[in-house]
2 protein chains.
Amino acid sequence: MGDTQLLDRAFAALADPTRRDLVARLAVADATVGELAEPYDVSFQAISKHVKVLEEAGLVTRSRDAQRRPVHLNAEALDLMTGWIERYRREVEARYRRLDDLLARAAGDDEDRRPDKEQAS
Amino acid sequence: MGDTQLLDRAFAALADPTRRDLVARLAVADATVGELAEPYDVSFQAISKHVKVLEEAGLVTRSRDAQRRPVHLNAEALDLMTGWIERYRREVEARYRRLDDLLARAAGDDEDRRPDKEQAS
DNA sequence: ATCGTTGTCAACCGATTGGTTGAAGAAGGG
DNA sequence: CCCTTCTTCAACCAATCGGTTGACAACGAT
């Protein structure tokens with residue numbers, strides 16, 4: 001699957017607070033759908049659907065262990081997301097810095113004309 | 001607004017490829033809605049809606065400059081998202097490491113009993 | 001004061017989403 | 001083989017979403 005589609009699904013998956021909570025719990029330990037569903041007061045099937053959404057987003061995988069299907073958090077999908085976000089966060093912050101430099105340089109020009117105080121903290 | 005609600009909206013906002021593209025372009029430079037809308041073949045109003053979604057997610061702010069309303073990417077919202085993701089990514093990776101250690105220690109025990117071949121590749 | 005530019009609001013449409021309930025599939029244990 | 005356990009599939013419902021078009025609000029220019 002393309003990264004774009006994967007990002008679509010991953011971001012959409014984490015847009016739901018229940019699913020974010022599932023991810024938080026799966027970070028601590030793998031769990032079956034049944035175990036995951038227990039704390040919530042929605043139907044078991046609703047949680048099964050949530051897990052399916054996480055799975056289709058690549059955020060979790062499942063193995064088979066007899067009747068149980070333990071759900072396992074996939075760190076790589078999280079990497080894909082932070083990778084995307086960080087790229088643009090860095091870009092915009094670099095832009096802020098350039099603006100700051102520009103302002104500092106303008107202030108520096110002022111200093112050139114009034115060559116006394118330096119590094120106005 | 002609560003962080004939970006903000007995360008809901010931020011993740012939902014980035015779940016749309018058009019909105020991710022807007023963010024990518026805003027990382028390079030601020031832009032007006034009109035400038036943002038130009039490359040896409042959807043209606044101007046559709047992009048206006050997308051920008052509104054980004055704004056309500058805290059991902060973007062707008063200032064007023066005469067008739068123009070330049071849109072500006074907000075790095076802090078991106079930080080909030082990576083902060084959330086990274087927390088659980090680190091947690092699950094720490095868990096992997098513990099598991100690896102455990103397996104390595106088990107392998108070490110094997111070595112104790114059959115102290116000959118090492119690293120069966 | 002009117003005009004063009006820039007942008008939002010409102011109403012509507014089809015598709016998707018998160019939830020429900022009910023039935024069915026898959027894999028041991030008796 | 002049947003029974004129980006864990007899990008998914010199917011159908012349905014209300015709500016939300018991304019898109020459209022049309023009207024309107026805000027501001028500068030003429």
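The sequence lines fix the lettering, A, B, ..., with proteins before strands; numbering per chain opens at 1.
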Legend entry - pair A:T18-A:I47: side-chain heavy atoms closer than 4.5 Å: yes
Legend entry - Beyond-backbone contact of A:R62 with A:V51, side-chain heavy atoms, under 4.5 angstrom: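 The answer is yes, as the side chains (C-beta and beyond) meet within the 4.5 Å cut-off.
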Spacing between [X] atom [atom1] and [N] atom [atom2], to the nearest angstrom:
X	N	atom1	atom2	answer
A:D41	C:dG18	CG	P	17 Å
B:D21	D:dG18	CG	C1'	16 Å
A:Y40	C:dG19	OH	C1'	16 Å
B:R68	C:dT8	CZ	C1'	17 Å
B:R64	D:dC27	CZ	C1'	7 Å
B:F44	C:dC9	CZ	P	12 Å
A:R69	C:dG28	CZ	C1'	15 Å
B:E38	C:dT5	CD	P	16 Å

Would you mind checking if [Y] and [X] are paired as a salt bridge, meaning a charged N to carboxylate O distance below 4.0 Å?
X	Y	value
B:R68	B:D30	no
A:E93	A:R90	no
B:E55	B:K52	no

Looking at the side chain of [X], which of [options] is the nearest nucleotide?
X	options	value
A:V53	D:dG18, C:dG18, D:dT20	C:dG18
B:S48	D:dT20, C:dT8, D:dT8	C:dT8
A:R62	C:dG18, D:dT7, D:dG19	D:dT7

Inset, instruction - Take B:V33 and B:R69 through the side chain to side chain contact (heavy atoms under 4.5 Å, CB included) test and state the conclusion after the steps. - result: CA-CA 7 Å; B:V33 176; B:R69 318 268 314 264; 5.8 Å; no
Inset, instruction - Would you state whether a donor and an acceptor, one from the side chain of B:Q45 and one from the base of D:dG22, lie under 3.5 Å apart? - result: yes
Legend entry - Parallel, tilted or perpendicular: rings of B:W84 and B:F11 (30°, 60°): perpendicular
Inset, instruction - Report yes if a side-chain nitrogen or oxygen of B:S43 is closer than 4.0 Å to either non-bridging phosphate oxygen (OP1 or OP2) of D:dG19; otherwise report no. - result: no
Inset, instruction - For C:dC9, take OP1 and OP2 only and decide whether either is under 4.0 Å from a side-chain N or O of B:K52. - result: yes
Inset, instruction - Dot-bracket for DNA chain C, please, read 5' to 3', with Watson-Crick or G-U wobble pairs under 3.5 Å on both distances, ( ) within the strand, [ ] crossing, | other strand, . unpaired. - result: ||||||||||||||||||||||||||||||
Legend entry - Check: B:A12 main-chain N/O paired with B:R19 side-chain donor or acceptor under 3.5 Å: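 A pair under 3.5 Å: yes.
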Inset, instruction - Verify, without hydrogens or angle tests, whether B:N74 (side chain) and B:T61 (backbone) share a donor-acceptor contact under 3.5 angstrom. - result: no
Inset, instruction - Could you list by number each residue of residues 25-37 of chain A showing a heavy-atom separation from DNA chain D of less than 4.0 Å, or answer none if no residue does? - result: A:T32, A:V33, A:G34
Legend entry - Residue pair B:T4 / A:R20: nearest heavy atoms and the distance that separates them: O-NH2, 3.2 Å
Inset, instruction - Would you classify A:K49 as touching base, sugar-phosphate or nothing, given that sugar-phosphate means primed atoms plus P, OP1 and OP2, and contacts are heavy atoms under 4.0 Å? - result: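 It contacts base atoms.
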Legend entry - Comparing A:D16 and B:P70 on DNA chain C - which has the more 5′ nearest nucleotide: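 In this pair, the answer is B:P70.
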